[in-house]
Amino acid sequence: MSRTKLSKYKIATLGTHSALQILKGAKDEGFSTIVICKKGHEEPYKLYNVADEIILIDDYKDLIDLQDDLIKKNVILIPHASYISYIGYEAVEKLKVNYFGNKGILKWESDRNEERKWLEKSGLKLPKLFHSPDDIDRPVIVKFHGASGGKGYFLAKSKWDFNKKFKPYKGNQDYVIQEYIIGVPMFIHYFYSPLTDELEIMGFDKRYESNVDSLGRISARDQIALEKVDPSYVIVGNLPIVVRESYLPKMLKMGRDVVEQSKKLASPKGLFGPFCLEAVLTPEEEIYVFEISARIVAGTNPYINGSPYTWLKYDEPMSTGKRIAREIKNAILNNQLDKVLG
Ligand code: AMP
C-alpha cells in the first residue's frame, strides 16, 4: 500500500551541492529519483548509482524549461543552495513543479537586510554592522555581495586600513562592513518538521576555506615577506564537528526561535525542513550568528551515513537527505503532502 502511494512521486534535484545525499536518501526511503545535471557533470551520479534517471541540460537555468516534463512525471524537487546561486531566487519563487520547502521564506533569506531583521527579531546575537567606514572602531570583515564564495572579502581594523584595502574595489557599493568576531566558526544543522512540530539538531560542521584555513601554516614573518597574502574564504569542503554538549539547550532554543519568527514573516507555514545557522562561538561562550541558510547545506554531506546526533535519535543511518525523504514519505502516507510543499 505505502509502496504504491510513494510510487506516484519521483524525487528530483539539480546534480551538484548535496544531490548525492538527497538522492541516496530518497532511494533508501523507497522513491525513484531523477538528477538534472549539467552536461559533463553526470559521472558521480552514475558512479554512485543514486539516480534512476539522468536528465542532461546545458545550463542550470534550463530547469525552468523542463518544468512541464517534470510535472508530468509528478516530481517533487528538493532545493539546495545551487538553485539560488545558479537560477536566482525570483525564478525559483516562480517554479511550478512541486517544491519541498516554503518559497515564501526565500526573500527573507536572499536579501541581507531582511535576513538580518529576521535573525534580530528571533532574539539572536549578531555581529554589529557598520554603516560607514568612518564608524569602524574594531576589527571588521568586509563582504561583497555576490562575491564568488568568499573571494575578495577583506579584514580591516580602522577607517584608514579600510580605505587602503578598498582601493581595488572602488565604485563597488554592494558590500557590508561587519564586526569580525574572534572565535571559532560553526555551522548548526537543523531540521524542523511541520508534521510533528519537532525541531532536531542533525549535526554540525566547519567549513574548510581556502586560503584562510592554511594561513596558520605560514608564520607571520613569512606572510609579511610574501607581501600580499590576503585571506579569502572560498569553500572547498566541510569538516564534521561534535559540539560541547552544554551548548545544545541554547542551540535548540535558537533554532526554535528562528522557526517561530519565520511563521510570522512567511505565514502560515514559515520555515520548515532543513536549515542552518552559521555562527561564530567566542571564548566568552557567546554564539554570534552571521547568516542563515533556509535549506539543506553542504555541511551535512559528511553525514551521509548519519551523524552522532541522528544516530542518537534514529538508531539507523539518517542523513539530512534521507530525513527530507522521510518527511515527504510521512506526509504522503498521512495525506498531508500540502504541509511540506510550498
Ligand atoms: P560568508 O560568506 O558570510 O559565509 O562568510 C565566509 C566565512 O567568513 C565564514 O565561513 C567565516 O569563516 C567567516 N566570517 C563571516 N562573517 C564573520 C564574522 N562576522 N566574524 C568572523 N568570521 C566571519
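Numbering of ligands and ligand atoms starts at 1, following listing order. Side chains included, hydrogens not; waters and symmetry mates left out as well; all remaining heavy atoms used.
Proximity to F187 (heavy-atom distance under 4.0 Å) selects the following atoms of ligand 1: 10 (O). For ligand 1, the atoms lying closer than 4.0 Å to a non-hydrogen atom of Q178 are 16 (N), 17 (C), 18 (C), 19 (N). Every atom of ligand 1 with a heavy atom of K143 under 4.0 Å away is listed here by number and element: 3 (O), 15 (C), 16 (N). Taking a cut-off of under 4.0 Å to the non-hydrogen atoms of P127, the atoms of ligand 1 that pass are 19 (N). Which parts of ligand 1 touch R207 is read off a 4.0 Å heavy-atom cut-off, strictly below it: atoms 4 (O), 10 (O). Which parts of ligand 1 touch E278 is read off a 4.0 Å heavy-atom cut-off, strictly below it: atoms 4 (O). Remark: ligand 1 atoms within the under-4.0 Å shell around heavy atoms of E291 are 1 (P), 3 (O), 4 (O). The E179 neighbourhood of ligand 1 comprises atoms 18 (C), 19 (N), 20 (N), with distances under 4.0 Å to a heavy atom of that residue.
At a cut-off of 3.5 Å, with distance as the only test, a side-chain donor of T196 or S193 sits close to an acceptor on the other residue. There is no side-chain donor-acceptor pair under 3.5 Å between K10 and N98. For S32 and Y9, the side-chain atoms include no donor-acceptor pair closer than 3.5 Å. Side-chain contact check for Y314 and E200: at least one donor-acceptor pair (N or O, by modelled atom type) lies under 3.5 Å. Side-chain contact, Q178 with K143: a donor N or O sits under 3.5 Å from an acceptor N or O.
Residue contacts with ligand 1, taken as heavy atom pairs separated by less than 4.0 Å, do not involve F144 at all.
Taking distance alone, with nitrogen or oxygen atoms compared against 3.5 Å, Y180 stays at or beyond that limit from ligand 1. Ligand 1 has a nitrogen or oxygen under 3.5 angstrom from a nitrogen or oxygen of I181. Not a single N or O atom of Y233, backbone or side chain, sits closer than 3.5 Å to an N or O atom of ligand 1.
Remark: K165 is not positioned above the aromatic ring of F162, lacking an NZ or CZ atom under 6.0 angstrom from the ring centre and at most 45 degrees off the axis.
Between M186 and E278 there is no side-chain heavy-atom pair separated by less than 4.5 Å.
Residues R244 and E285 are paired through a salt bridge, judged by an N-O separation under 4.0 Å between the basic side chain and the carboxylate. A salt bridge does not link D257 to K121: none of the charged side-chain nitrogens sits closer than 4.0 Å to a carboxylate oxygen.
Not a single heavy atom of Y288 sits closer than 4.0 Å to an atom of ligand 1.
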